[in-house]
Amino acid sequence: CAYPTRRAKVDPTSISSLLKGVPGILKNKDKYNLATWMLEASSIAAEVRLGRGSTEYCRSSPLYQRNKTPMKELSTPVPTEKDLYFATQYSQSTWGQFKLCLWKQRWIYWRTPEYNLVRFFFTLAIALLFGSIFWSAGTKRELSTDLTIIFGAMYVSVSVSCLLALTIAQLSNQL
């Protein structure tokens, strides 16, 4: 459904009430995330189950009909306003944008030094573990199976490292 975006606030309860009014839509359970329920209620599986697309239903809904006029009004510019003009295509030079990206990365990445310290520790531990296990495997490259073993070891070590990093991130978000 289309909702006014500029100079107007979208009320999520009006959107959910629109979906709740559709016959055949499963009701939202207690303590269930409203956004998740709305995604499930407007999914392709729900459309197939109902036999009608959510776009069709939204276009015929009273909420859409009521918002058509404000949408047209808000989508046309005011005659007294000038179009936006920028002297350059980008707001800063390439070097300035690069520095800004580095600053932002540093700010986000080092916001939680405890998480980074734990992650570095586990990465080092995994590197030492797999390095000691496959210490001599890299020198044996006579057969194609030796190369397969090396690639397999690399794949497993990267997979374990990634899974561990994801687990640590999940645990740090829950604390």
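Quick note: numbers below take in every heavy atom, side chains included, and nothing from hydrogens, waters or symmetry partners. This structure is a prediction, so every number in the text was calculated from the model and none was measured.
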Can you measure from CG (Leu124) to CG (Leu128) and round to the nearest 0.5 angstrom? 4.5 Å
Please give the remaining members of the hydrophobic cluster of Ile149, linking ILVMFWY side chains under 4.5 Å, ordered by chain and number. none
Connected-component partners of Phe151 among ILVMFWY, side-chain separation under 4.5 Å: Leu147, Ile150, Met154
Restricting to non-hydrogen atoms, name the atom on Gln65 and the atom on Arg59 that form the minimum distance, rounded to 0.1 Å. NE2-O, 2.7 Å
Around Tyr155, counting heavy atoms of other residues, nucleotides and ligands shown, do more than 12 lie under 6.0 Å from its OH? no
So, does Thr148 use its side chain to make a donor-acceptor pair with the main chain of Ser144 at under 3.5 Å? yes
Is there a donor-acceptor pair closer than 3.5 Å between any side-chain N or O of Ser161 and the backbone N or O of Val158? no
Side-chain donor-acceptor pairs under 3.5 Å in residues 92-105, sequence neighbours left out?
| unit_1 | atom_1 | unit_2 | atom_2 | d |
| --- | --- | --- | --- | --- |
| Ser93 | OG | Gly96 | N | 3.1 |
| Gln97 | NE2 | Gln92 | O | 3.1 |

